[in-house]
Protein chains: 2
Amino acid sequence: MDYQKYVQMLKAMADPNRLKIIDLLSCGSLCACDILEHFDFSQPTLSHHMKVLQNAGIVAARKEGKWQHYTLQAEFMATFKQDTAQLLSSDDQCVCHDVTCTACASGKVVVTNEKN
Amino acid sequence: MDYQKYVQMLKAMADPNRLKIIDLLSCGSLCACDILEHFDFSQPTLSHHMKVLQNAGIVAARKEGKWQHYTLQAEFMATFKQDTAQLLSSDDQCVCHDVTCTACASGKVVVTNEKN
DNA sequence: TACAAACATAGATGCGCGTCTATATTTATA
DNA sequence: TATAAATATAGACGCGCATCTATGTTTGTA
């Protein structure tokens with residue numbers, strides 16, 4: 001998986017306001033002014049947050065007249081779930097395969113690395 | 001879902017080094033010195049990162065002799081996947097249910113909120 | 001054409017975070 | 001008991017981030 005891209009998604013999501021924006025968009029598209037109504041911060045701040053979400057590939061923007069419509073990227077929803085599952089599983093591509101535990105190898109403790 | 005707890009998990013994960021630590025632990029327990037070998041930063045920095053992961057409920061620590069063993073929390077792995085699925089889905093508990101789109105309501109654009 | 005609405009950009013500010021060095025603490029061992 | 005190994009704590013530093021105000025840009029409308 002694309003480690004760097006996954007971290008960028010996590011960083012973009014790791015803000016309570018941006019997480020709420022994602023939640024608001026989970027049912028469909030919304031324009032900026034409607035999103036803004038749910039928050040206390042200023043309009044430029046929302047503009048900043050939307051740019052962060054776009055750069056992370058989470059949100060797509062489409063302009064129609066005066067309004068800027070935002071939608072969750074389908075690819076993000078799929079990729080993020082997939083990357084998360086892979087991170088928390090110990091499959092063949094896991095980085096932990098060449099890892100040993102010094103304490104365990106010394107025979108002084110009972111803890112064992114399940115993969116060795 | 002616990003919004004605040006989920007954000008705390010995301011923040012803890014939104015660092016490339018901590019994400020690699022989680023990946024290293026996805027196969028089993030490791031002590032601090034073994035984790036440290038995979039990074040360039042100092043030992044106090046690792047100690048700091050492990051504390052962040054513990055406070056977020058991602059990692060559990062267990063001391064045996066000189067060694068501090070770290071393990072991924074089973075509850076975290078379950079909760080995080082579940083919260084993620086709920087965030088990206090539009091079920092009954094979604095915050096977007098009382099949301100309308102001004103631009104759509106005006107009838108000037110073709111975009112519609114899928115839930116309305 | 002003038003004005004208002006929706007949104008973006010520029011620049012500044014304050015706070016948090018990742019990292020460091022130095023030192024303390026705990027535990028095993030000679 | 002002295003020493004070394006493994007880890008934690010304290011305090012400092014620099015950078016990035018979330019936010020703001022002020023202003024620019026685009027688009028629809030009277």
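Quick note: numbers below take in every heavy atom, side chains included, and nothing from hydrogens, waters or symmetry partners. The structure displayed is predicted, hence computed values, not measured ones. All chains are named by letter (A, B, ...) in the order of the sequence lines, taking the proteins before the strands, and each is independently numbered beginning at 1.
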Whole-Å gap separating P (dT7(D)) and CG (L46(B)): 8 Å
Any protein N or O atoms within reach of nucleotides 19-21 of chain C? Criterion: under 3.5 Å, listing atom names and distances.
from, atom 1, to, atom 2, distance (Å)
dT19(C), OP1, N17(B), ND2, 2.9
dT19(C), OP2, H49(B), NE2, 2.3
dC20(C), OP2, S42(B), N, 2.8
dC20(C), OP2, S42(B), OG, 3.0
dC20(C), OP2, T45(B), OG1, 2.8

Are side-chain heavy atoms of I35(B) and I21(B) found at a separation under 4.5 Å? yes
Any donor-acceptor pair under 3.5 Å from Q8(B) side chain to N55(B) backbone: yes
Presence of K11(B) side-chain N/O under 4.0 Å of dG16(C) phosphate oxygens OP1/OP2: no
When rounded to whole Å, the CD to C1' distance for the pair Q54(A) and dT9(C) reads 14 Å
Tell me which donor-acceptor pairs under 3.5 Å the side chains of residues 11-19 of chain A have, and how far apart each pair is, sequence neighbours excluded?
from, atom 1, to, atom 2, distance (Å)
D15(A), OD2, N17(A), N, 3.0
D15(A), OD2, R18(A), N, 3.0
R18(A), NE, A12(A), O, 2.7
R18(A), NH1, H49(A), ND1, 3.1
R18(A), NH2, K11(A), O, 3.3

When you measure from the centre of the six-membered ring of F39(A), is the NZ or CZ of K20(A) under 6.0 Å away and within 45° of the axis? yes
Sidechain-backbone polar pair: T45(B) side chain, F41(B) backbone, donor-acceptor under 3.5 Å: no
Heavy-atom check, side chain of T79(B) versus side chain of Y6(B), under 4.5 Å: no
Figure out the NZ/P separation between K63(B) and dA8(D), and round it to whole Å. 8 Å
Using atom CH2 of W67(B) as one end and atom P of dT7(D) as the other, report the distance to the nearest whole Å. 8 Å
pair I58(A)-F80(A): side-chain heavy atoms closer than 4.5 Å: no
Students should find that the end-to-end axis angle of the helix from dT1(C)-dA30(D) to dA30(C)-dT1(D), with five pairs defining each axis and rounding to 10 degrees, is 10°
For D34(A) and L30(A), indicate whether the former's side chain and the latter's backbone hold a donor-acceptor pair under 3.5 Å. no
Side-chain (S47(A)) to main-chain (P44(A)) donor-acceptor, under 3.5 angstrom: no
Remember a base hit wins even if backbone is also touched, and classify F39(A) as base, sugar-phosphate or nothing at under 4.0 Å, heavy atoms. nothing
At under 4.0 Å, does any side-chain N or O of K66(B) touch on OP1 or OP2 of dT25(C)? no
Let me know the distance between NZ of K51(B) and P of dG16(C), rounded to the nearest Å. 19 Å
Consider the side chain of R18(A), meaning its heavy atoms from C-beta on, and name the nucleotide among dT9(D), dA18(D), dC7(C) that approaches it most closely. dA18(D)
Separation of dT27(C) atom P from E64(B) atom CD, nearest Å, is 13 Å
Could you state the atom-to-atom distance from CE of M50(A) to P of dT9(C) in whole Å? 13 Å
Find the distance N55(A):CG to dA18(D):P and express it as a whole number of Å. 12 Å
